[in-house]
Amino acid sequence: MTDRTPVSSTDAPPPGGAYSQAIRSGNLLFLSGQAGFDSSGARLGETVAEQTRQALENLDAVARAAGGSLQDAVRVGVYLSDLGSFAEMNEVYRVFFAEPYPARTTIQSDFLAFDVEIDAVVALGPDAAPPPHS
């Protein structure tokens, strides 16, 4: 049986469908996509920069709930409604990560309700909180 433990944070929006905010498997944390919404689910930010900041803050909140940090990301996926917004997104993105930067993919998507969504995989260190036992 595969080790799959859900992780959640009340500091990030609740899932809007049949998925978890994150799943921990071993020392890896797989974070579902986050966008520019606050923990109540209200949309924040009109610009790509504002939405990027909120999405990354949401991801970091869920990573911290698992005992990690977004600084420990090994892979990030960025989905933009317009690749012309790449520079605006990237300027905010650089604030949240230090070298060596995580591997990243940026893809254009046909979003209707927001302009950016970001997901990540975080490597949890030996000091990360263990998953709760059931």
Side-chain angles (χ1 to χ4, degrees):
M1 178 176 220
T2 303
D3 173 25
R4 295 177 8 154
T5 304
V7 175
S8 63
S9 171
T10 57
D11 293 328
Y19 61 92
S20 299
Q21 284 179 332
I23 292 288
R24 180 178 179 163
S25 183
N27 285 335
L28 290 178
L29 182 67
F30 298 86
L31 295 152
S32 292
Q34 291 284 342
F37 297 91
D38 68 12
S39 60
S40 73
R43 181 175 175 201
L44 296 178
E46 295 301 318
T47 69
V48 168
E50 292 167 333
Q51 292 178 42
T52 298
R53 181 174 317 285
Q54 186 63 45
L56 292 168
E57 287 175 358
N58 291 341
L59 288 170
D60 193 51
V62 179
R64 289 185 185 285
S69 164
L70 199 53
Q71 285 291 321
D72 302 316
V74 294
R75 185 211 166 273
V76 176
V78 178
Y79 308 88
L80 291 171
S81 63
D82 179 1
L83 285 178
S85 301
F86 179 87
E88 183 180 356
M89 175 279 301
N90 199 52
E91 186 175 326
V92 174
Y93 178 93
R94 288 176 164 277
V95 172
F96 283 80
F97 299 98
E99 291 187 28
Y101 297 114
R104 181 174 77 184
T105 301
T106 304
I107 299 170
Q108 184 164 332
S109 184
D110 294 331
F111 294 128
L112 299 176
F114 48 88
D115 298 314
V116 60
E117 181 175 5
I118 305 173
D119 64 17
V121 177
V122 169
L124 299 172
D127 297 332
H133 298 285
S134 20

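These figures come from a predicted structure and were not determined experimentally. Along the sequence shown, residues carry numbers from 1.
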Anything under 3.5 Å between a donor and an acceptor, one on a side chain of residues 101-114, the other on a protein residue two or more places apart or in another chain? List them.
{"unit_1": "Y101", "atom_1": "OH", "unit_2": "R94", "atom_2": "NH1", "d": "3.3"}
{"unit_1": "R104", "atom_1": "NH1", "unit_2": "N90", "atom_2": "OD1", "d": "2.9"}
{"unit_1": "R104", "atom_1": "NH2", "unit_2": "N90", "atom_2": "OD1", "d": "3.0"}

Can you give me the closest heavy-atom contact between D119 and Y79, atom names plus distance?
OD2-OH, 3.3 Å
Show your working on side chain to side chain contact (heavy atoms under 4.5 Å, CB included) between V76 and F97 and close with a plain yes or no.
CA-CA 11 Å; V76 176; F97 299 98; 3.9 Å; yes
Given side chains that start at C-beta, do those of M89 and V78 come closer than 4.5 Å, heavy atoms only?
yes
Distance only, no hydrogens: is a donor on one side chain within 3.5 Å (strictly under) of an acceptor on the other, for S81 and D115?
yes
Would you say F86 ends up clustered with Y93 if hydrophobic residues are merged whenever their side chains have heavy atoms under 4.5 Å apart, either directly or through other cluster members?
yes
Return the minimal non-hydrogen interatomic distance between L28 and A123, and the atom names on each side.
CD2-CA, 4.1 Å
Are any side-chain N or O atoms of Q34 and backbone N or O atoms of L59, one a donor and one an acceptor, separated by less than 3.5 Å?
no
Shortest non-hydrogen contact between L80 and S85, atoms and distance:
CD1-C, 4.2 Å
Tell me whether S39 contacts the main-chain N or O of P13 through its side chain, where contact means a donor paired with an acceptor under 3.5 Å.
no
Taking all atoms of both residues into account, what is the closest heavy-atom pair of L124 and G67, and its distance?
CD2-C, 4.5 Å
How many angstroms lie between atom OG1 of T52 and atom CD of E91, to the nearest 0.5 angstrom?
10.5 Å
Check step by step if side chain to side chain contact (heavy atoms under 4.5 Å, CB included) holds for S69 and D60.
CA-CA 6 Å; S69 164; D60 193 51; 3.6 Å; yes
Going by the rule ring pair (Phe, Tyr, Trp, His ring centres under 6.0 Å), which residues pair with F30 if we only count those two or more places apart in sequence or in a different chain?
none
Before you tell me yes or no, could you show the steps for S8 and Q21 under side chain to side chain contact (heavy atoms under 4.5 Å, CB included), namely the whole-Å CA-CA distance, both residues' side-chain angles and the distance that decides it to 0.1 Å?
CA-CA 5 Å; S8 63; Q21 284 179 332; 3.1 Å; yes
Minimum side-chain heavy-atom gap V122-V74 below 4.5 Å:
no
After noting the C-alpha distance and the side-chain angles of I23 and V7, does the key distance pass the side chain to side chain contact (heavy atoms under 4.5 Å, CB included) rule?
CA-CA 6 Å; I23 292 288; V7 175; over 6 Å; no
Is there a donor-acceptor pair under 3.5 Å between the side chain of N58 and the backbone N or O of F37?
yes
Verify the neighbour count for atom CZ of R43: are there more than 12 heavy atoms of other residues, nucleotides or ligands below 6.0 Å?
yes
Counting distance only, does the side-chain N/O of T47 pair as donor-acceptor with the main-chain N or O of E50 below 3.5 Å?
yes
For G16 and Y19 the tightest heavy-atom approach is N-OH, 3.0 Å
Set of side chain to side chain donor-acceptor pair (under 3.5 Å) partners for D38, sequence neighbours left out:
S40
Working to the nearest 0.5 Å, report the span between CZ of R64 and CG of D72.
9.0 Å
Measure across E46 and Q51 and return the closest heavy-atom pair with its distance rounded to 0.1 Å.
O-NE2, 3.7 Å
Side-chain (R24) to main-chain (G26) donor-acceptor, under 3.5 angstrom:
yes
